[in-house]
Every structure is written in structure tokens, then in C-alpha cells.
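Everything below concerns the one structure shown next.
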Amino acid sequence: MLFETLETSGHEQVVFCQNREAGLKAIIAIHNTTLGPALGGVRMRPYANTDDALRDVLRLSRTMTYKNALAGLNVGGGKAVIIGDPRTDKSEVLFRAFGRQVEALGGRYITAEDVGTDVNDMEQIYLETGNVTGVHQVHGGSGDPAPFTAYGALQALMASVKRKFGHEEVGKLTIAVQGLGHIGMELVKLLRERGAKLYVTDLDPVRVQQAVSEYGCEAVKPEAIYDVAADVFAPCAMEGGIDMATLDRIKAKVICGTANNQLASHAVGDELYKRGILWAPDYAVNAGGVMNVSLEIDGYNRERAMRLIRSIYHNLGRVFDLSERDGISPQRAADRLAENRIEAIGKLKLPLGRATPRMSQLRGE
């Protein structure tokens with residue numbers, strides 16, 4: 001059954017990791033290494049069961065292939081998940097045990113920070129392997145990637161409103177922000193610095209109060225965020241928040257946020273396109289973090305990182321141009337651009353006469 005799943009999804013390798021003494025239960029998924037070693041973060045969540053963890057890591061690793069390809073990076077797509085509660089289950093021995101599992105892959109997978117993990121965890125992983133990014137600057141790293149992800153999302157938002165409204169003046173916008181995690185709060189800070197009026201929500205009332213008191217945002221109940229009459233809806237929470245039901249409630253003309261896998265299906269993306277709502281593909285919007293840490297592989301330079309992250313504006317422009325030219329949703333346009341790059345580079349690496357992997361495998365069809 002698992003091999004059938006991998007054949008459909010196109011994954012190259014899935015590794016189940018366990019260390020009883022360390023309390024480690026983890027899964028590392030390498031989706032595609034055509035462009036280079038698989039780069040993607042390690043997420044820590046208290047998954048209900050192994051099947052849920054496997055589904056998550058397969059979906060997220062596939063997204064990383066597309067994100068890295070569209071961003072123009074010379075890395076493939078991978079992801080890891082650790083089954084555990086980040087509030088109570090973290091320890092040095094846990095992350096060092098995970099680091100040894102990463103090291104055993106011989107450089108095929110490079111890990112990084114993700115939901116439930118931080119720079120301190122990366123430091124502990126670094127004690128066992130050099131195949132980790134997002135470490136402290138003293139080790140040649142760049143530290144916390146959240147500010148870079150948020151800065152990239154700002155570039156994406158400017159490109160999106162320029163396409164939809166003909167200007168990129170953030171201060172003229174009203175924006176509904178769903179999710180005030182580390183990246184969401186960083187984005188709120190950037191948007192308020194530019195004068196945008198923000199409506200915010202989160203399941204954690206402490207975060208909402210912080211956004212209200214520190215940045216002058218207006219609080220909204222979690223379920224009411226879809227109904228706010230804003231110019232932009234910015235989903236920055238967990239996956240799958242936009243489906244056919246919530247779509248009917250969204251008043252915004254632009255959707256641009258940092259959450260992964262925001263749409264429940266391609267059909268939702270097609271419907272948004274039909275209704276004239278401009279959706280900025282999530283893996284283009286939130287690529288700033290991986291763009292930043294990818295530079296650690298060859299030697300980090302902050303100026304170079306910021307210049308690379310600003311290319312998100314241009315990348316989204318290419319997506320929107322293809323969408324308009326071919327009459328397809330931005331989601332399908334972004335997928336096509338990513339797949340075309342992977343296929344083109346893949347042909348260069350194969351001997352003459354051999355076929356490249358089917359793109360339907362990459363799409364999970």
C-alpha cells in the first residue's frame with residue numbers, strides 16, 4: 001500500500017526513524033532531487049497517529065519540490081516530521097537523535113526550521129550533522145527564518161495588489177490576517193509599518209491581544225475572519241482553510257498569505273479564478289524562508305538573501321502572466337512553471353534517449 005502511494009505521489013524515498021531512548025519517532029520524505037539535495041524543514045506536531053504524520057510529510061515534501069523549483073533554487077524537495085508535542089516533548093537528545101538520522105542520508109536531505117521547531121532545535125541537530133540550515137550566525141547560518149518569510153510575503157502581496165488594483169501601496173489596503181504565529185506576527189509588523197489597516201485573528205487570544213496592543217490591529221473572532229470586508233485576505237494559519245464553503249464567505253479580491261496548502265483542492269483554485277479573486281499560490285508567497293536558508297549551503301550573505309527574496313515579486317508576475325495568457329488558475333500556472341523547470345533540468349542530467357520522470361507523478365495524479 002505504501003509503495004503504491006509513493007508511486008502515485010512520485011516520492012523517491014521515505015524513511016521512518018525511531019530511537020526509543022531519545023523518544024524519537026520521525027518520518028523523513030524526499031520527494032524529488034532533480035534540482036539538487038532535498039531541502040525542507042522538520043515539523044513537530046502531536047499527530048494522532050502515524051498515518052496522519054505520513055500524510056502530512058508526503059504532502060509537505062511534494063510542496064517543497066514545487067516551491068524550490070519555482071523560486072529558482074538549486075535544491076529539491078523534502079520534509080520531515082517529528083511526532084510529539086513541541087511544548088512538552090523537546091529535548092537535546094531528541095534532536096541529536098534526529099540529526100543522526102539526517103546525517104545517515106548522506107546529504108540527500110537538508111533539514112531546517114518549521115512549525116513546532118526553532119533555531120535552538122537546529123543548533124542541537126547541528127551537533128550531529130552539517131546537513132541543517134537555519135542555525136545561529138556563529139556557525140555561518142542565518143538564524144530565525146520567519147522574518148525572511150514575512151518579507152517575502154510582503155513582496156508577494158505587493159505584486160498581487162499591483163496586478164489586481166493597479167498599485168502596490170500597502171498603506172491604502174485593509175487586510176484580514178488569519179493566524180498570528182511567528183511568521184504571521186512578523187507579517188503584521190511589516191504591514192502596520194506601511195500603514196495598512198489590519199483585522200486579525202488566532203486561536204490563541206494572547207497573540208491576538210499582542211497584535212491589538214502592539215500594532216493597533218482590530219481583533220476578529222476566528223470563524224468571522226472570512227466575513228471581513230477587506231481588500232486582502234491573508235491566510236497565515238494551518239493548511240486547508242479555503243474550501244468551497246469558506247470561499248463563498250470571502251469578501252476580499254486578493255488572497256495572499258503564508259500558510260502552506262491553503263486550498264482544499266485545485267477545484268477551489270479554479271473557482272477563485274472564475275470569480276475574479278486573485279489567489280497568490282502559497283508556495284510562491286512563503287518561499288522567502290527557504291530562499292534565505294538555501295544560501296547557507298554555499299556560504300550565507302544577508303544582502304544576497306534579501307535580493308533573492310525580492311525576486312518573489314517577479315516570480316509571481318510570471319505566474320499571473322501565464323494564468324492570464326492561458327486562462328488557467330494561478331495555482332495551475334505556478335505548477336506548470338515549476339514542472340517545466342524540473343523537466344528541463346532533468347533532461348540535462350539524463351543520458352540521451354532516457355525519459356524524464358512523468359510530470360503526473362510530481363503532481364500526484
Side-chain angles (χ1 to χ4, degrees), residues 59-60 62-63 66-67 70-71 152-168 170 173-179 183-184 187 191 196 198-201 220 222-287 312-339 363-365:
R59 182 174 67 250
L60 292 168
R62 174 185 174 277
T63 298
Y66 282 77
K67 180 187 297 190
L70 186 66
L154 176 64
Q155 304 303 308
L157 191 147
M158 291 168 61
S160 300
V161 298
K162 174 69 173 179
R163 184 65 54 125
K164 190 65 179 178
F165 303 130
H167 70 84
E168 54 188 51
V170 175
L173 302 173
T174 56
I175 304 172
V177 181
Q178 180 191 47
I183 297 171
L187 181 59
L191 295 175
L198 303 185
Y199 299 91
V200 299
T201 196
V220 178
E223 267 306 305
I225 195 70
Y226 296 105
D227 304 307
V228 173
D231 300 309
V232 178
F233 176 57
C236 300
M238 297 301 283
E239 296 89 347
I242 304 174
D243 55 24
M244 288 301 184
T246 54
L247 185 156
D248 285 333
R249 298 166 55 192
I250 294 174
K251 308 293 193 299
K253 294 299 183 183
V254 171
I255 300 176
C256 179
T258 61
N260 284 311
N261 301 312
Q262 296 166 14
L263 306 185
S265 67
H266 271 71
V268 176
D270 294 339
E271 185 62 25
L272 286 169
Y273 178 72
K274 290 178 184 177
R275 297 185 185 194
I277 300 173
L278 183 64
W279 179 69
D282 41 34
Y283 63 79
V285 175
N286 61 25
I312 289 175
Y313 187 106
H314 168 71
N315 290 342
L316 266 178
R318 293 170 56 227
V319 171
F320 295 148
D321 286 344
L322 180 59
S323 170
E324 293 171 4
R325 189 195 75 187
D326 289 3
I328 56 178
S329 71
Q331 182 179 26
R332 296 187 185 279
D335 285 357
R336 185 182 297 176
L337 288 171
E339 290 165 1
R363 291 191 294 267
E365 296 176 357

* Salt-bridged, Arg332 to Asp326, with N to O below 4.0 Å? -> no

* To do: Report yes if the side chains of Pro330 and Leu322 come closer than 4.5 Å at any heavy-atom pair, otherwise no.
  => no

* To do: Decide yes or no for Leu60 and Asn261: does some side-chain heavy atom of the first lie under 4.5 Å from some side-chain heavy atom of the second?
  => yes

* Looking at side-chain heavy atoms only, is the closest gap between Phe233 and Ile225 below 4.5 Å? -> yes

* **Gap between atom CG of Leu272 and atom CD1 of Ile255 - 0.5 Å precision** => 4.5 Å

* Closest approach of Gln155 to Tyr313 (non-hydrogen atoms, all atoms of both residues) -> O-CD1, 3.5 Å

* **Donor-acceptor contact present, side-chain Thr258 to main-chain Asn286, <3.5 Å** => no

* Looking at Leu187 and Ala153, what are the two nearest heavy atoms and their distance? -> CD1-CB, 4.1 Å

* **Side chain proximity check, Ile175 to Asp231, heavy atoms < 4.5 angstrom** => no

* Determine, step by step, whether Trp279 and Val268 satisfy the side-chain contact (heavy atoms from CB on, under 4.5 Å) criterion, reporting the C-alpha distance in whole Å, the side-chain angles of both residues, the deciding distance to 0.1 Å, and the verdict. => CA-CA 10 Å; Trp279 179 69; Val268 176; over 6 Å; no

* Asked: Looking at CD1 of Ile242 and OG of Ser265, how far apart are the two atoms once the value is rounded to the nearest 0.5 Å?
  -> 11.0 Å

* Structure fact -> In terms of heavy-atom contacts, Gly317 and Arg163 come closest through O-NH2, 3.5 Å

* Structure fact -> Scanning both residues in full, the closest heavy-atom pair of Ser323 with Ala333 reads N-CB, 3.8 Å

* Asked: Between CG of Asp227 and OH of Tyr199, what distance do you get to the nearest 0.5 Å?
  -> 13.0 Å

* Between atom OH of Tyr273 and atom CD of Gln331, what is the distance when rounded to the nearest 0.5 Å? -> 13.5 Å

* Considering the options Lys67, Gln262, Arg62, which one meets the side-chain contact (heavy atoms from CB on, under 4.5 Å) requirement together with Tyr283? -> Lys67

* Do Cys236 and Ile183 come within less than 4.5 Å of each other through their side chains, counting heavy atoms only? -> no

* Asked: Do Lys253 and Leu278 have side chains that get closer than 4.5 Å, going by heavy atoms?
  -> no

* Structure fact -> Rounded to the nearest 0.5 angstrom, the SG-NZ distance for Cys256 and Lys164 is 14.0 Å

* Asked: So how far is it from Met158 CE to Leu173 CG, rounded to the nearest 0.5 Å?
  -> 10.5 Å

* Asked: Is Arg325 close to Asp321 at the side-chain level, that is, under 4.5 Å between some pair of heavy atoms?
  -> no

* Option among Gln178, Arg249, Lys251 that satisfies the side chain to side chain donor-acceptor pair (under 3.5 Å) test with Tyr226 -> Gln178

* To do: Check Asn260 against Glu239 and note the closest heavy-atom contact, atom names and distance.
  => O-CG, 3.0 Å

* Structure fact -> For Ala338 and Leu70 the tightest heavy-atom approach is CB-N, 4.2 Å

